[in-house]
Amino acid sequence: SPGVDDFNRLGGNFRIDWTPSEEDQVSLEGDLFGGNADHPGTPEDIGGRSLVLKWNRGDAAHQFQAQVFYDRFSRDSGAQGEFHADTYDGEFQHSFALGSQHIVWGAGARAVTYQINGTDTLFFDPPSRTLFIADGFVQDSWSVAQKLTATAGLKV
């Protein structure tokens, strides 16, 4: 007999690119979706959205890049439990020449906040939490010989 389950998803997205000057490029992207899955005995609603903003600036001597990001995903199975997570992310990177050396440095941070509403038999402790991670780095490249480049870096 044919399967008795059903899945539907509807979504949309957009992208806007802008060049305010010769050195600057900006883009904004967004996404939105929702849907449901009808598994026998376990109907489930899903949804999500995201937004990304990017900025690049530079010329032959230096480059700067920055990005911020937001994302949300959710699932709701009624009596079977519910879950949603929000992710926030930001990072930047700068590169430039210093004599014969090429320096790249940058940093980033991400926070994820989640909520899990389980059941009496499947639950999480703690049911909600925020996870955070950050990093920073620096890298130096220099010419050792005509066809040989050395690179050293540190990431924390």
Side-chain angles (χ1 to χ4, degrees), residues 2-96 102-141 151 153-156:
V4 195
D5 59 352
D6 189 22
F7 179 78
N8 297 299
R9 182 181 187 264
L10 181 63
N13 55 35
F14 71 90
R15 178 176 170 154
I16 300 169
D17 291 317
W18 179 42
T19 307
S21 73
E22 272 188 33
E23 293 183 335
D24 295 296
Q25 297 172 338
V26 178
S27 70
L28 177 65
E29 298 178 52
D31 182 26
L32 178 67
F33 72 90
N36 57 57
D38 188 12
H39 306 292
T42 313
E44 182 173 58
D45 292 325
I46 61 166
R49 58 187 178 255
S50 66
L51 199 59
V52 180
L53 176 63
K54 297 178 184 178
W55 174 39
N56 292 313
R57 180 177 178 86
D59 54 29
H62 72 92
Q63 293 285 322
F64 178 81
Q65 301 171 345
Q67 174 178 300
V68 291
F69 171 80
Y70 167 73
D71 180 74
R72 178 179 180 93
F73 179 77
S74 64
R75 295 178 82 141
D76 185 354
S77 299
Q80 301 297 319
E82 175 189 8
F83 166 81
H84 70 263
D86 294 290
T87 303
Y88 307 88
D89 187 279
E91 60 185 44
F92 76 92
Q93 177 177 304
H94 181 224
S95 64
F96 59 94
H102 183 78
I103 310 290
V104 181
W105 69 281
R110 174 175 284 196
V112 178
T113 301
Y114 69 83
Q115 174 74 43
I116 302 171
N117 299 322
T119 66
D120 291 339
T121 56
L122 178 63
F123 58 91
F124 292 83
D125 187 22
S128 65
R129 188 172 175 191
T130 298
L131 308 171
F132 180 78
I133 188 169
D135 67 271
F137 71 93
V138 63
Q139 174 181 300
D140 187 4
S141 299
T151 302
L154 176 67
K155 185 172 184 177
V156 178

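The heavy-atom pair separating Leu51 from Gly30 by the smallest distance is CD1-CA, 4.0 Å. Closest heavy-atom contact between Asp59 and Gln63: O-NE2, 3.1 Å. Here the closest non-hydrogen pair linking Asp71 and Ser50 is OD1-CB, 3.4 Å.
Seen from the ring of Phe33, Arg49 does not count as a face-on cation partner, given the 6.0 Å and 45° thresholds.
Looking at Glu44 and Asp76, their side chains never come closer than 4.5 Å, going by heavy atoms from C-beta outward. Side-chain contact between Val104 and Phe137 is present, with heavy atoms from C-beta onward closer than 4.5 Å. Proximity of Asp31 to Glu29: side-chain heavy atoms (C-beta onward) are nowhere separated by under 4.5 Å. Side-chain contact between Phe124 and Phe83: absent, with no pair of heavy atoms (C-beta onward) separated by less than 4.5 Å. You'll find the side chain of Ser95 reaches within 4.5 Å of the side chain of His102, heavy atoms only. A heavy-atom distance below 4.5 Å is found between the side chains of Thr87 and Arg110. The shortest side-chain heavy-atom distance between Tyr114 and Thr130 does not fall under the 4.5 Å cut-off.
Rounding to the nearest 0.5 Å gives a distance of 8.5 Å between OG of Ser77 and CG of Asp45. Atom CG of residue Asp140 and atom CG of residue Leu154 lie 12.0 Å apart, to the nearest 0.5 angstrom. Taking CG of Asn36 as the reference point, atom CZ of Arg9 lies at 12.0 Å (rounded to 0.5 Å). The CD atom of Gln93 sits 10.0 Å away from the CG atom of Asn56 when rounded to the nearest 0.5 Å. The CD atom of Glu91 sits 5.0 Å away from atom CD of Gln67, with the distance rounded to the nearest 0.5 Å.
Salt-bridge check for Glu82 with Arg75: failed, with every basic side-chain N at 4.0 Å or more from each acidic carboxylate O.
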Ring pair (Phe, Tyr, Trp, His ring centres under 6.0 Å) between Phe92 and His94, intermediate numbers included: CA-CA 7 Å; Phe92 76 92; His94 181 224; 8.5 Å; no
I'd like to know whether Gln65 forms a side chain to side chain contact (heavy atoms under 4.5 Å, CB included) with Lys54, so could you lay out the CA-CA distance, the side-chain angles of the two residues, the decisive distance to 0.1 Å, and finally the verdict. CA-CA 7 Å; Gln65 301 171 345; Lys54 297 178 184 178; over 6 Å; no
As a quick check of understanding, evaluate side chain to side chain contact (heavy atoms under 4.5 Å, CB included) for Phe96 and Trp105, giving each step before the final call. CA-CA 9 Å; Phe96 59 94; Trp105 69 281; 3.9 Å; yes
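Looking only at atom types and distance, the side chain of Thr19 has no donor-acceptor partner in the side chain of Gln25 under 3.5 Å away.
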